[in-house]
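Here the structure comes first, spelled out in structure tokens, and everything after it is commentary.
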Amino acid sequence: MKSLQEKIKNAMVAVLRESFDLSQTELTFSQPAERKFGDLSTTLAFVLAKKTQSKPFLVAGELAAKLTGKLDAIEEIRVAGGGFLNFYLRRDDYLKYLWQNLEKPLPAKGEKVIVEHTSINPNKSAHIGHLRNSCLGDILARSCRFLGYEVEVQNYIDDTGIQVADVVWGLLHYQKMDLDGIKKISGLAAYLWDLYAEVNQLFAGNDDLARQRRDVHKKIEEKIDPEYQACRYIAEQVLLDHIRTMEQIGIHYDLLARESDVIALDFFKAAAAEMTARNVMTRSTDPEKKDCLVIHYDRENIEKIIVRSNGTITYVGKDIAYNLWKFNLLPRDFCYRLFHTYPDGHAIYMTQSEPARQTRPFGRGQKVYNVIDVRQSYLQNLIAQVLAQLGHPGPSANFIHFSYEMVALTPACVREMGLKLEAGEENKPYIEVSGRKGRAVKADELIAQLNEKSLREIQSRNPALAEAEALPLARTIAVAALRYFMVKFNLNTVIAFDFKEALNFEGDSGPYLQYTMVRLNSILKKSTAAGLEAERVPGSMQRLEAREKELYWEMILNLSLLETQVEFALQNHELSSLAAYAYGLCQKFNHYYHLFPVLAEKDADIRNLRLSLIRIFKNKVEKLLAVMGIAIPDRM
RNA sequence: GCGCCUGUAGCUCAAUGGAUAGAGCGUUGGCCUCCGGAGCCAAAGGCUAUGGGUUCGAAUCCCGUCAGGCGCGCCA
């Protein structure tokens, strides 16, 4: 549904343009801090007063006079606070409009958005840092879809890297296994978690082992067995493990793009030809970078190596090629195969370099979001620069690094996990997660703990409930707790992870939202069972007594802003505003519902108004929670 | 050294330049004869690190200072 407020704003702009010289940017509207200041407010008078050397209060009066009577939706306009222009809506009309347009989805934007997220190295289990990435990426994708974009979710698989080589060396040369032995390992990803940390300890300061590691890497790149086979096997098995982990929390992908295919299909060669032709990539004149091909990063005046002196391509080089492909700016394409089908029928495809019947056109995005933590800002900015230098200003502007801060551990959390703190770490505010040191909370373990806790909570509240029935409910609640926790912080807030907070199911948490909805559904069920009147257009809010009228209206107004809020979250890269919005709505509802019982109300008009509010609330908040990937259990 | 980010209640965090800086946790005290207590109500708790500046208006923008974090690899 197109927000009614948008319509009202547009009408105001049209009227004001007749009398004032306005640019669009000057006219902003906001929600007043308090209801007594109206339903919609603008500070336009302050801006105009400055321009005309007049007093804001006088200008506001002038504006009010111009607008009065010109807008159907407005009941009253008042000037307050020395120049604020406050608008009071015709509440019953507004409510009716909202009620009648509940089922209207937003129109398709006709634009394709590619969201890349997760992109975990396939050499060990996923950890909490990856969970933040995937949750943000997934909610970003859902927001775009909600707003009418076509969305394709890609997960980039670095299946050729040195990090896979580390564990290949560990298994084949350190633990002396063969491929058959590796295939017998159960829980391979978790096994590699420990091995990866152990092997990295060994590598530290040991030149001989470092050389062995390089040899393994080289053999993988040159497809020499058994290293190559082991690498392929491990990468695929660990990838499956990651997909399983993310599937548990409702995260799906459309395409798995493999680095090995980027290389095999010569994506970089095509990109390099273009970059060389345009002088974007040049041979370095720095003697220390003899024979290297580099790109000058203008913003920080740095020369970044793209092709090493031995002719191999660095990570950014491959990423440039891959991102050019996302925008359909490379004369190359992948081949595809069906990789996996989710229980709901959704299919994941994987790239491949062997010819195959192409199942659908992947890529070709108009907008690209790369969900990658802030530590890669410099490289992501470099890619945007290259896009511009190659003559693609549009894609460069639509290449969006969806940057967020890392997840770290509190020193207390590290100790709690039985890991040692190094000298001086005790006093640090937080400690960076490190796969190399095996220092992180594994995603699966956190999810298991959440599942366990919510199962306990459910069973304590519903002692008669069979475990088979309680289990899926517990999972739904655990997912809500996790996703809400991952999205409630601002993107540039470092999450100093703490079990107690992540496992909190009360207050500002996902389960609180679910609980609100469960109770609300219960009221609706009882209302139907009691044979109360069916849905009908809500009557006039004038029937309500003063206190309820204000609360009621406040909720209606807030609920009507769903689409505006999602748009805001996307525009400002602040998905946390969705969490805050949802939480605020649920708080208001709980407050309201505590004061004004529905089923016990004898007056049919008032009861109907309350039921209408519940139906509107259910409609809007279910959509909002769906955008956050939070489902509503039948009971809890 | 250069670049980016952060500093708000005891703790963890919110607050499109806007009206009296808000939540959760913790603390203290209340609330089911009443639609589910994962709930509701209330109290206490703030010179928004600090010094200037811009503005009708600053937690928010600019400059300085202090404190902390992250980048700046022929790793990915």
Can you see if the side chain of [X] gets near the phosphate of [N] - specifically, an N or O under 4.0 Å from OP1 or OP2?
X        : N      : value
A:Gln587 : B:rG39 : no
A:Arg299 : B:rG3  : no
A:Tyr512 : B:rC25 : no
A:His591 : B:rC41 : yes

Q | Proximity to the side chain of A:Thr43 - top-ranked nucleotide from B:rG39, B:rC35, B:rG18 | A | B:rG18

Q) What nucleotide, of B:rG36, B:rU20, B:rG39, holds the atom closest to the side chain of A:Lys526? A) B:rG36

Is there a Watson-Crick or G-U wobble partner for [N] with both distances under 3.5 Å, and which nucleotide is it?
N      : value
B:rU33 : none
B:rG26 : none
B:rG46 : none
B:rC70 : B:rG3
B:rG51 : B:rC63

Please write out each protein N/O paired with an N/O of nucleotides 70-76 of chain B under 3.5 Å, distance rounded to 0.1 Å.
from, atom 1, to, atom 2, distance (Å)
B:rC74, O3', A:Arg308, NE, 3.0
B:rC74, O2, A:Ser309, OG, 3.0
B:rC74, N3, A:Ser309, OG, 2.8
B:rC74, N4, A:Glu288, O, 2.8
B:rC75, OP2, A:Arg308, NE, 3.3
B:rC75, O3', A:Arg308, NH2, 3.3
B:rA76, OP1, A:Arg308, NH2, 2.4
B:rA76, OP2, A:Arg308, NH2, 2.7
B:rA76, OP2, A:Tyr315, N, 3.3
B:rA76, O3', A:Asp158, OD2, 2.1
B:rA76, O2', A:Asp158, OD2, 2.9

Q. Roughly how far apart are A:Leu613 CG and A:Phe617 CZ, rounded to 0.5 Å?
A.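 A:Leu613 CG to A:Phe617 CZ: 8.0 Å, rounded to 0.5 Å.
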
Taking the side chain as C-beta and beyond, is there a heavy-atom pair between [X] and [Y] under 4.5 Å?
X        : Y        : answer
A:Phe489 : A:Leu136 : no
A:Phe203 : A:Gln212 : no
A:Leu611 : A:Arg615 : yes

Q.
Let's test your reading of the model: under 3.5 Å, does the base of B:rU54 pair with the side chain of A:Lys50 as donor and acceptor?
A.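 No such pair is found, so the answer is no.
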
Are [X] and [Y] close enough for a salt bridge, meaning some N to O gap below 4.0 Å?
X        : Y        : result
A:Arg211 : A:Asp207 : no
A:Glu426 : A:Arg415 : yes
A:Glu422 : A:Lys437 : yes

Q) Checking A:Tyr581 side chain against A:Asn558 main chain: does a donor-acceptor pair fall under 3.5 Å? A)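 The answer is yes, because a donor-acceptor pair under 3.5 Å joins these two groups.
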
Q: Establish, from distance only, whether the side-chain atoms of A:Asp158 and A:Tyr315 form a donor-acceptor pair under 3.5 Å.
A: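 There is no such pair between these side chains.
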
Q: Check every strand shown and say whether A:Ile120 touches a base, only sugar-phosphate, or nothing at a heavy-atom separation below 4.0 Å.
A: nothing

Q: Tell me what A:Tyr583 touches on the nucleic acid: a base, only sugar-phosphate, or nothing, going by heavy atoms under 4.0 Å.
A: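 Answer is sugar-phosphate: A:Tyr583 comes under 4.0 Å of backbone atoms only.
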
Q) Nearest nucleotide by nearest heavy atom, which residue falls closer to the 5' end of RNA chain B, A:Gly507 or A:Ala80? A) A:Ala80

Name the pairs: protein N/O against N/O of nucleotides 13-16 of chain B, kept only if under 3.5 Å.
from, atom 1, to, atom 2, distance (Å)
B:rC13, OP1, A:Val494, O, 3.3
B:rA14, OP1, A:Asn490, N, 2.8
B:rA14, OP1, A:Asn490, ND2, 3.3
B:rA14, OP1, A:Thr493, OG1, 2.5
B:rA15, OP2, A:Asn490, ND2, 3.0
B:rU16, O4, A:Ser30, OG, 2.7

Q. With under 30° as parallel and over 60° as perpendicular, where do the rings of A:His130 and A:His242 fit, or are they tilted in between?
A. tilted

Q) Are the ring of A:Phe84 and the six-membered base ring of B:rG18 within the stacking cut-offs of under 5.5 Å and under 30°? A)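 According to the criterion (under 5.5 Å, under 30°), no, A:Phe84 does not stack.
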
